[in-house]
Amino acid sequence: MHNHNEQAIIESLLFAAGDEGLSLVQLMNVLSIAEEDIRAKMGSLKEQYAKDPNRGIHIVELADTYQFATKRDMADYIKQLVESPANGSLSQAGLETLAIIAYRQPITRLEVEDIRGVKTDRPLQTLVSKGLIKEIGRAEGAGRAILYGTTVEFLDYFGLKDLSQLPKLPEDIEQLDSEEETDLFFKSLQDTLTVE
Amino acid sequence: MHNHNEQAIIESLLFAAGDEGLSLVQLMNVLSIAEEDIRAKMGSLKEQYAKDPNRGIHIVELADTYQFATKRDMADYIKQLVESPANGSLSQAGLETLAIIAYRQPITRLEVEDIRGVKTDRPLQTLVSKGLIKEIGRAEGAGRAILYGTTVEFLDYFGLKDLSQLPKLPEDIEQLDSEEETDLFFKSLQDTLTVE
Amino acid sequence: MEYSVKVEAFEGPLDLLLHLIQGLEIDIYDIPMAEISEQYMLYIRAMKVMELNLASEYLVMAATLLAIKSRMLLPKHEENWENEEIDFEEADPRDELVERLIEYRKYKQAAIELKEKEEDRGSYYTKPPIDLSEYESAKQESLEDLNLDLHDLLGAFHKLLRRKKLQKPMATRVTRQEISIEKRMAEILIDLKNKKQPQRFHELFPVAEKPHMIVSFLAVLELMKRKEVSVQQDQNFSDILVEAVEGVTLVAQP
């Protein structure tokens, strides 16, 4: 387990964990080292990231959970990034959100966030304001959360007559496949071949 | 704009962009530096991350963007914390179909089937539904058959920067051993002659 | 000769032929038609399950092989091949088949390399973009500026599905402390003896974890059955009191 540099392992783990972060316990388990050692290690790493002027990210600690975040003084640059989107189209967050809603509607924000694994308020707002999705009802239960679905504009924009014209997902196709399998045909094939 | 360390800025931007990645243009805009300078900078940063044993992440070029990703030899550690994609890999039929389309695009279904020697509707459907290929036009002529090509998701899926990074096709083997082929030809010619 | 062949093992007749050529160590440029035809027939007969949409292609190839075989047996027109060698090469009935096999083999190889790339891609992890909504301005482009199609949607969806699987934290793998009923029985008995007075039933469940609670409950039942503890309840819904029976010592279990 200790063939690799501990610091590198921690960096890769924190990175992969994303917004969910990693708990002390998770780090202990993966690195198989004692709690005090992990605490000490994370403490010195935190300091190291914070001090290094070449680093744009640092380690944030919340209730024994560690995660990477961009340093505060990088905000200006990140803001510019938002203003210089990839290709004038929807952000990936927007695309993902739209795709989830198209295929899984009616769906609540929480369910979308569960699938995406990140907060999704803003992409939802953007999509509503573009008229691609709208509130189509309320969920049962305590919160009566908003249920989202796609709009007529959505169909128009993508040139669809109705939702059934959305491209099939792989699961649906695989289902069709197995149904078509038959060994009846092979019987007649065998017969044909034995005649030859 | 240059109060901050360029490397730190780039690190924060790459982190923020995640798997959406950053294009050269975006980097140019935010850092307001020329394309060649960005290219050079990214090249040296890539090397720096790759070489530093304390780093668990590195810069990859995917689908014409720069992204952070964990280093390959960290996979064993990360696997302990996150689920690996369950059975996410493509079938043999899918891979063959995709290979033909990738190297020969734009290409019609019939042309693909001609090469594979089998019907290919299913793999094509699956690949479309996985977002790996798409209709990129229509062939001239009576049928106006759909022409297929690969998508951005294709590049991402296989970890390619662009199509030029596809592995070289084992180009016409006849060409490679053309001498051998000629020998063979004469041999078979001789055999035939002696038999007759 | 016994074969157990699944049709799924081959990607069609060309794939099967390549398999035979390799297995029989045949020169692809000089295929012995009689041998390959025979082997081919053996194989497709051995295929137990045939998909409806694939079977016809195997049959067409069978017919093609037989046709080439018979054409090669036909006497050749002497004036044609004696004087024009080039024509002779083009006239080899196997040419078209060989060409197709070589072309197909190229992509089969490429598919293998793609598979490797696919696996390699699986060995590194990326992360979702961070939520930048706080920086987003209210300004929205019109729909026409979006320049999207359904494939963008599909691509995003699948990228997301792949990522989700990577990002989802493993179901909390708390290394479960396996506790045996015997051990828990001993603990409870010692506890009751030490306290020297009846304990309330709920006090026997100090750990609020399902497995531990179940084991504790079973332990109490077993102790009752063995008459090592006595249990009483004054009235409905009042506390159940558990007490160690005097003089009882738990027999050590192996």
Side-chain angles (χ1 to χ4, degrees), chain B residues 15-20 60 67-72 74-75 78 80-86 88-90 92-93 95-96 98-100 102-103 115-119 122 128-132 134 151-153 156-160 166-167 169-174 181 184-185 187-189 196, chain C residues 11-15 27 29-30 53-54 57 61 75-76 81 85 88-89 92 100 102-130 132 149-159 161-163 165-170:
Chain B
F15 181 82
D19 59 11
E20 189 166 0
V60 292
Q67 302 184 8
F68 271 141
T70 58
K71 287 183 179 172
R72 286 178 182 77
M74 296 292 138
I78 296 168
Q80 296 179 53
L81 286 175
V82 289
E83 262 174 39
S84 286
S89 55
L90 292 170
Q92 185 60 27
L95 284 167
E96 280 181 14
L98 199 48
I100 294 169
Y103 288 97
I115 295 174
R116 294 192 63 223
V118 277
K119 281 237 169 50
R122 270 301 179 248
V128 167
S129 76
K130 285 188 184 248
L132 295 168
K134 64 176 181 179
T151 61
V152 171
E153 166 71 0
D156 193 335
Y157 187 85
F158 290 102
L160 302 170
L166 276 173
L169 202 56
E171 248 328 312
D172 305 67
I173 294 157
E174 311 94 276
E181 193 201 359
L184 278 169
F185 166 63
K187 195 179 170 298
S188 69
L189 177 66
E196 296 285 321
Chain C
E11 290 299 327
L14 290 174
D15 196 23
D27 177 2
Y29 295 103
D30 186 21
N53 56 347
L54 288 182
E57 280 126 7
M61 180 56 77
K76 298 182 173 69
W81 62 266
E85 284 175 13
F88 170 78
E89 189 196 15
D92 188 325
R100 287 184 68 195
I102 287 170
E103 180 77 353
Y104 172 67
R105 192 170 65 177
K106 244 166 36 180
Y107 294 106
K108 197 172 149 59
Q109 184 58 39
I112 293 170
E113 294 187 47
L114 279 183
K115 176 110 202 119
E116 285 164 9
K117 292 249 168 218
E118 185 188 39
E119 276 162 17
D120 178 60
R121 178 68 180 84
S123 69
Y124 59 92
Y125 297 73
T126 52
K127 65 178 271 295
I130 62 174
L132 298 175
D149 65 30
L150 283 170
H151 301 288
D152 297 321
L153 220 52
L154 277 173
F157 195 62
H158 285 286
K159 185 170 184 169
L161 289 183
R162 281 195 283 136
R163 185 175 73 209
K165 283 164 190 153
L166 299 176
Q167 287 292 319
K168 191 173 165 195
M170 206 81 111

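Not measured: the values here are computed from a predicted model. In the text below, chain A, chain B and the rest are named by the order of the sequence lines, each starting its count at 1.
Both cation-pi conditions hold for C/Lys127 and B/Phe15: the charged atom is under 6.0 angstrom from the six-membered ring centre and inside a 45 degree cone around its axis.
Using a 4.5 Å cut-off between heavy atoms, B/Val60 touches chain C through its side chain atoms alone. Looking at B/Leu132, neither its backbone nor its side chain comes within 4.5 Å of chain C, counting heavy atoms on both sides. Interface remark: B/Gln67 contributes side-chain atoms only to the contact with chain C (heavy atom separation under 4.5 Å). Contact of B/Phe158 with chain C is made through backbone and side chain together, with heavy-atom distances under 4.5 Å. Proximity to chain C (any heavy atom under 4.5 Å) is shown, for B/Ala16, by both the backbone and the side chain.
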Worksheet item: Yes or no on side chain to side chain contact (heavy atoms under 4.5 Å, CB included) for B/Met74 and C/Tyr125, after CA distance, side-chain angles and deciding distance?
Response: CA-CA 9 Å; B/Met74 296 292 138; C/Tyr125 297 73; over 6 Å; no
Item to complete: Carefully, step by step, assess B/Leu90 and B/Lys130 under the rule side chain to side chain contact (heavy atoms under 4.5 Å, CB included).
Response: CA-CA 10 Å; B/Leu90 292 170; B/Lys130 285 188 184 248; 3.7 Å; yes
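Expressed to the nearest 0.5 Å, how far NZ of B/Lys134 lies from CG of C/Asp149 amounts to 5.0 Å. Going from atom CD1 of B/Ile115 over to atom CZ of C/Arg105 covers 15.0 Å, rounded to the nearest 0.5 Å.
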